[in-house]
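Quick notes on the structure that follows.
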2 protein chains.
Amino acid sequence: MKTSPPRPLRQAPVRSSPTLEDLAVAAGVSRSTASRAINGGDRVSPEAQAAVDRAVVALGYIPNRAARSLVTRRTSSIALVIPEPDVRVMMDPFFAVVITGITEALRETDVQLVLLMSRTDDDSSRTLRYLRGGHVDGAIVVSHHKADSWARSLAETGLPTIFIGRPWDTTFDVTYVDTDNVGGGRLAAQHLAGIGRRRLATVAGPADMTAAVDRLRGWKAGLAEAGLPEGPVVHADFTTDGAAAAARRLLAEDPDIDGIFAASDLMALGVLEALHAAGRTVPGDVALMGYDNHAVAETAATPLTTITQPMVEMAVKAGTMLLEEIEAPGSHPEPVIYSTELVERASTSVAPTASAANA
Amino acid sequence: MKTSPPRPLRQAPVRSSPTLEDLAVAAGVSRSTASRAINGGDRVSPEAQAAVDRAVVALGYIPNRAARSLVTRRTSSIALVIPEPDVRVMMDPFFAVVITGITEALRETDVQLVLLMSRTDDDSSRTLRYLRGGHVDGAIVVSHHKADSWARSLAETGLPTIFIGRPWDTTFDVTYVDTDNVGGGRLAAQHLAGIGRRRLATVAGPADMTAAVDRLRGWKAGLAEAGLPEGPVVHADFTTDGAAAAARRLLAEDPDIDGIFAASDLMALGVLEALHAAGRTVPGDVALMGYDNHAVAETAATPLTTITQPMVEMAVKAGTMLLEEIEAPGSHPEPVIYSTELVERASTSVAPTASAANA
DNA sequence: CGACAGCGTGAGAGCGCTCCCACCGGATCT
DNA sequence: AGATCCGGTGGGAGCGCTCTCACGCTGTCG
């Protein structure tokens, strides 16, 4: 009477990967024991453990992440949020370094890095929903001016979050890592004053970015400490072209400037360009400093004296902190600030400029 | 008799996100109908659909990815595999562009990008296991010399995979996108020959990388077509320093060289350095070409003539192709090759070198 | 006027895993 | 001696979702 036709299987008989059940059968134990053996082997006899281990190898067993995640409410993945719409910004080696650092922190764990980029403001709410949706266990946000809303929104969700770069708004519970931009700005002022320059100016970054504001603050403090006047300040947008225009304004305002601090190497490049166009030599007429120790600082026509910051360590730290925060929520750690260092190159040397060497 | 004590809840009563069940209740429909309404709304009455839509907004419902993934066997995420141990390589803007392009292709879908970097050979098998484990629906591999084993291993797993850059071994079923490196090499030869240079040499990339081999092949073909001898070939490792050393060997071998093609801009920088150190002017004594149209090509002491390639488009294409392959498996598409273009700058201009302008 | 599509719907099974609970037997305590 | 504990184990429920299936219900055709 068993004439019922062979009903098509719900799932095509594709040779799918072995389940925990298969593993348990192969190892001759129960599913529970197999599960315990897989996860650290607490309360498992050596024999059972060995049997499971063998079966894992034999079957090529790999736990199903979705099933596990469904019950543990852990996804074993974290998000790197890059709230920048612009390809140009992505091109910044900064991001590569951040990614490398986080990846480094994630080694030895089975946590995966999910990349979240919001290219438009529209994406931004989508990204936020994604984060809120419990798809990741935590997030690292690369903080720029636009990150303000992120900081607060994320803090409200209770999702473990670390910011790289101090968020603009820190009036609530937020943990971050950053470099000592104030110290870096001060270093620049000290150095230029130290080599005898007296009429100093700066091309600062956008006034709505914490890094830019901090560098400017340090710069002013350094000048004051050296007993020098504050000097002209122009703002640019961290781009080479923008800085070139800013430098032209600077030169028009005060033609006797003998030292300029650009708040980034890319901007210093623009300043260099503008100086050359105006017939000034570097460092002969004007000593020039950048910031970031970007690759271009070394390859520039006149290699740039600049400020270097331990970005990889910072990124690694961010990753480690996030992992800890996920493991033990509520232990809001203090912000970590990394100190900066001066890198001396030709653009502030007292010797004549080297850029005309092959003339 | 119902004196059983209030057993502690298995799950702490944390206010967790609403489930499909909650949604269904709120909308006054069954879980099935709610599910259908969420997923495209096939076979759902307008009223039911509207009710569900309202409930979604009201409850802030977000589907649980893990649960969905468990039954659909889809993860809605793809992996970007970067088989490079070196931070330096990561710093290459290339990766930023690739990431940007893929992200662009993924917009409008809810597919997430998972980053997989293998920094050691040990990681490599770990990564492979991860990919094999069904944690992602597909993978994009940035192909370099080391990717050989990847290609074959991945092809064997049947996981939809697209390579960016032709893998070394294409004797099996593999789909990839690439730029026309042969054409680019030929372009370089044509250009240098076209401006009247006759004693041409090249600093090629590593002989185990397809891009390097292809560029060299195109270069040789271009020379032959221009009726010029093959000239000296030295290999370097795509780094500035390595290229500088290679260039010194070149100069020692044949001091009368009047044109050099470096297979990357970074290498061209090294060559430029070596040339200057040897007292040669560029382009006066020696015309110099790079490849990639890297940012440094523009900012170099002598801006570099170089070859540009549509990398963003290529990355977008890779993303799109992968999405298609996931959607309709087995439709192994043909490789897509993007053509390259010449970008002329001062390093091959016939006019006197501009780098000494501020002397 | 009965048969039969076909659409919208709800019940229910089950994806692979973790974790609570009950159980068992041997060691330890009173 | 019995009571108690505790390491090791297996049974079973259930995480939130999709998907198959069966069930009305309306409309159309023979």
Side-chain angles (χ1 to χ4, degrees), chain A residues 4-5 7-14 16-52 56 59 61-76 110 133-135, chain B residues 4-14 16-52 55-56 59 61-76 110 133-135:
Chain A
S4 59
R7 287 224 320 268
L9 290 171
R10 159 120 181 264
Q11 201 78 30
V14 282
S16 68
S17 48
T19 73
L20 186 59
E21 189 73 52
D22 302 336
L23 219 219
V25 170
V29 298
S30 74
R31 198 169 69 265
S32 305
T33 302
S35 173
R36 277 186 289 261
I38 293 294
N39 301 292
D42 217 30
R43 287 209 179 348
V44 177
S45 67
E47 303 84 55
Q49 181 72 53
V52 172
V56 166
L59 272 63
Y61 173 76
I62 299 171
N64 182 314
R65 217 187 181 85
R68 174 177 286 177
S69 169
L70 184 56
V71 40
T72 58
R73 267 104 198 309
R74 283 291 201 81
T75 62
S76 285
D110 70 338
H135 299 310
Chain B
S4 57
R7 287 223 320 269
L9 289 172
R10 161 118 179 266
Q11 200 78 32
V14 283
S16 67
S17 48
T19 74
L20 186 58
E21 190 72 51
D22 302 336
L23 219 218
V25 170
V29 299
S30 74
R31 200 174 61 253
S32 306
T33 301
S35 174
R36 278 187 288 262
I38 294 293
N39 301 292
D42 218 31
R43 288 207 178 348
V44 176
S45 67
E47 302 84 54
Q49 180 72 56
V52 173
V56 166
L59 271 64
Y61 173 75
I62 299 170
N64 182 312
R65 218 186 180 87
R68 175 177 284 176
S69 170
L70 184 57
V71 39
T72 58
R73 268 96 199 315
R74 284 290 201 79
T75 62
S76 285
D110 70 339
H135 298 312

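By convention in this document, chain letters (A, B, ...) are assigned in the order of the sequence lines, proteins followed by strands, and residues within each chain are numbered from 1. Side-chain atoms are counted along with the backbone in the values below, which use heavy atoms only and exclude waters and symmetry mates.
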Quiz item: What nucleotide, of D:dG16, D:dG10, C:dC17, holds the atom closest to the side chain of B:T19?
Solution: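 Selected nucleotide (nearest to the side chain): D:dG16.
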Exercise. Choose from D:dT18, D:dG10, D:dT9 the nucleotide whose nearest atom is closest to any side-chain atom of A:A48.
Key: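 In terms of side-chain proximity for A:A48, the closest of D:dT18, D:dG10, D:dT9 is D:dT9.
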Please round to the nearest 0.5 Å and tell me the distance separating atom [atom1] of [X] and atom [atom2] of [Y].
X: B:D110; Y: B:R65; atom1: CG; atom2: CZ; answer: 5.5 Å
X: B:N39; Y: B:R68; atom1: CG; atom2: CZ; answer: 5.0 Å
X: B:T19; Y: B:L59; atom1: OG1; atom2: CG; answer: 9.0 Å
X: A:T33; Y: A:Q49; atom1: OG1; atom2: CD; answer: 10.5 Å
X: A:S35; Y: A:L23; atom1: OG; atom2: CG; answer: 10.0 Å
X: B:R31; Y: B:R36; atom1: CZ; atom2: CZ; answer: 11.0 Å

Whether [X] contacts [N] is assessed here as follows: a side-chain N or O lying under 4.0 Å from the phosphate OP1 or OP2. Is that the case?
X: B:T33; N: C:dG10; answer: yes
X: B:Y61; N: D:dG16; answer: no
X: B:R73; N: D:dT18; answer: no
X: A:S32; N: D:dT9; answer: no
X: A:S45; N: D:dT9; answer: yes
X: B:N64; N: D:dC15; answer: no
X: B:S30; N: C:dG10; answer: yes

Quiz prompt | Contact check, side chains of A:V44 and A:V29, non-hydrogen atoms, under 4.5 Å | solution =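 Heavy-atom side-chain distance check fails, nothing below 4.5 Å.
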Quiz item: Is A:I62 close to B:H135 at the side-chain level, that is, under 4.5 Å between some pair of heavy atoms?
Solution: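 The answer is yes; the side chains approach within 4.5 Å.
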Short heteroatom pairs, N/O only, protein and nucleotides 5-7 of chain C, under 3.5 Å:
| unit_1 | atom_1 | unit_2 | atom_2 | d |
| --- | --- | --- | --- | --- |
| C:dC7 | OP2 | B:R43 | NH2 | 3.4 |

Report the distance from atom [atom1] of [X] to atom [atom2] of [N], rounded to the nearest whole Å.
X: B:Q49; N: C:dT9; atom1: CD; atom2: P; value: 10 Å
X: B:R36; N: C:dG10; atom1: CZ; atom2: P; value: 8 Å
X: B:I38; N: D:dC17; atom1: CD1; atom2: C1'; value: 11 Å
X: A:E47; N: D:dG10; atom1: CD; atom2: P; value: 12 Å
X: B:L70; N: D:dT18; atom1: CG; atom2: P; value: 11 Å
X: A:L23; N: C:dG16; atom1: CG; atom2: P; value: 13 Å
X: A:E21; N: D:dG11; atom1: CD; atom2: P; value: 9 Å
X: B:L20; N: D:dG16; atom1: CG; atom2: P; value: 11 Å

Quiz item: Reckon B:A66 touches a base, only the sugar-phosphate, or nothing at all at heavy-atom distances under 4.0 Å?
Solution: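 No contact.
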Practice problem: Determine the contact category for A:T72: base if any of its heavy atoms lies under 4.0 Å from a base atom, sugar-phosphate if only primed atoms, P, OP1 or OP2 are that close, otherwise nothing. | Solution: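 Sugar-phosphate only.
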Self-check item: Polar side-chain contact A:R65-C:dG16 base: donor and acceptor under 3.5 Å
Solution: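 Between C:dG16 and A:R65, which were checked side chain against base, a qualifying N/O pair under 3.5 Å is absent.
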Quiz item: What about B:R31, does its side chain sit under 3.5 Å from the base of D:dT18 through a donor-acceptor pair?
Solution: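 Counting by modelled atom types and ignoring angles, a donor-acceptor contact under 3.5 Å is found here.
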Self-check item: DNA chain C: 5'-proximal contact among B:A67 and B:V29 (nearest heavy atom)
Solution: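 This one resolves to B:V29.
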